[in-house]
Every structure is written in C-alpha cells, then in structure tokens.
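Have a look at the structure below before the remarks.
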Amino acid sequence: MAAAAAVACAASGCGPNTDAYVALQNVMKSHITTQDHRPVSTVSCTPHVHDTAREEIAHLRCLVVFEDKTSYTANATIHNENSGGAHNLPDSYTWDSPPKS
C-alpha cells in the first residue's frame with residue numbers, strides 16, 4: 001500500500017456549508033496537483049458523507065482521474081478532530097498516495 005497523505009482542511013471549499021466528501025475531493029485534487037505535481041482532472045469519493053460527529057472517522061473510496069486520463073483508486077478518511085475539550089477544529093483527511101508515474 002502506498003503512503004498516505006494527511007491534510008487538515010484549511011483551503012477554500014471546506015467551510016461549514018460544504019459536504020465533508022466534497023471538501024475531501026477538493027483537498028485531494030489540490031494537494032495531488034500541487035504537492036505530487038500530477039495534475040488532477042477529477043476526484044469522486046463515495047459514500048457521500050455529509051458531516052462527521054465529534055471524534056468520528058469516515059472511510060471512503062475515491063477515484064482520482066489525472067489530466068492524462070490515467071487514474072487510481074484511493075482509500076481515504078475524514079477525521080473530525082473535535083473532542084470533549086476541543087471545538088471548531090477543521091476535519092483532517094488522509095488518503096493513499098498516487099502510484100509513481
């Protein structure tokens with residue numbers, strides 16, 4: 001299994017009115033394009049997780065399609081970082097890194 005990327009949601013498209021799975025898709029697309037230098041065309045994750053409860057971790061599968069039409073499927077998580085003593089923390093995301101090109 002490839003190493004996983006871990007990113008906290010601080011970018012646009014991650015606000016309180018954005019479904020959690022859409023925010024994950026946006027973060028993955030941006031991160032893989034800029035950090036892995038692999039331009040991403042689309043990211044599509046299921047299930048469609050709208051929100052997570054405190055300390056909850058949602059597990060998703062995401063199809064990442066690159067601009068060169070190659071693709072890979074990543075296991076991903078959305079982790080609600082809020083706990084009994086912490087509030088208003090952003091979700092954090094992890095996913096399998098793309099295979100080496």
Side-chain angles (χ1 to χ4, degrees):
M1 179 192 298
V7 177
C9 183
S12 64
C14 301
N17 296 325
T18 303
D19 286 335
Y21 80 99
V22 173
L24 169 63
Q25 291 171 172
N26 292 338
V27 168
M28 287 179 70
K29 183 176 180 179
S30 175
H31 187 271
I32 293 169
T33 296
T34 60
Q35 300 299 314
D36 294 330
H37 308 289
R38 303 264 319 264
V40 174
S41 178
T42 62
V43 178
S44 179
C45 298
T46 57
H48 289 178
V49 176
H50 300 288
D51 198 6
T52 55
R54 288 177 176 272
E55 299 182 356
E56 183 180 281
I57 298 174
H59 298 275
L60 300 90
R61 296 217 8 114
C62 303
L63 175 63
V64 178
V65 179
F66 298 102
E67 288 183 0
D68 67 2
K69 307 297 184 216
T70 61
S71 65
Y72 85 105
T73 301
N75 293 308
T77 63
I78 301 170
H79 184 202
N80 184 318
E81 298 284 338
N82 294 297
S83 64
H87 303 283
N88 300 319
L89 295 175
D91 288 340
S92 66
Y93 305 105
T94 60
W95 61 85
D96 296 336
S97 296
K100 301 291 182 201
S101 56

Nearest heavy-atom pair of [X] and [Y]: which atoms, and what distance?
X     : Y     : value
Tyr72 : Asp96 : OH-O, 2.8 Å
Pro99 : Arg38 : O-NH1, 2.8 Å
Ala23 : Tyr93 : CB-OH, 3.4 Å
Pro47 : Leu60 : O-CD2, 3.2 Å
Trp95 : Ala74 : CB-CB, 4.4 Å

What distance separates [X] [atom1] from [Y] [atom2], expressed to the nearest 0.5 Å?
X     : Y     : atom1 : atom2 : value
Asn82 : Glu56 : CG    : CD    : 12.0 Å
His31 : Thr34 : NE2   : OG1   : 6.5 Å
Asn88 : Glu81 : CG    : CD    : 13.5 Å
Thr52 : Ile78 : OG1   : CD1   : 6.5 Å
His59 : His79 : NE2   : NE2   : 9.5 Å
Asn26 : Cys45 : CG    : SG    : 9.5 Å

_According to side-chain contact (heavy atoms from CB on, under 4.5 Å), who are the partners of Thr42, at least two apart in sequence or on a separate chain?_
Val65
Can a donor-acceptor pair be found, under 3.5 Å and without considering hydrogens, that links the side chain of [X] to the backbone of [Y]?
X     : Y     : value
Asn80 : Ala53 : yes
Asp19 : Tyr21 : no
Thr33 : Lys29 : yes
Arg54 : Ser83 : yes

*Could you please spell out the steps behind the side chain to side chain contact (heavy atoms under 4.5 Å, CB included) verdict for Met28 and Val40?*
CA-CA 9 Å; Met28 287 179 70; Val40 174; over 6 Å; no
*Going by heavy atoms in the side chains, are Ile32 and Pro98 under 4.5 Å from each other?*
yes
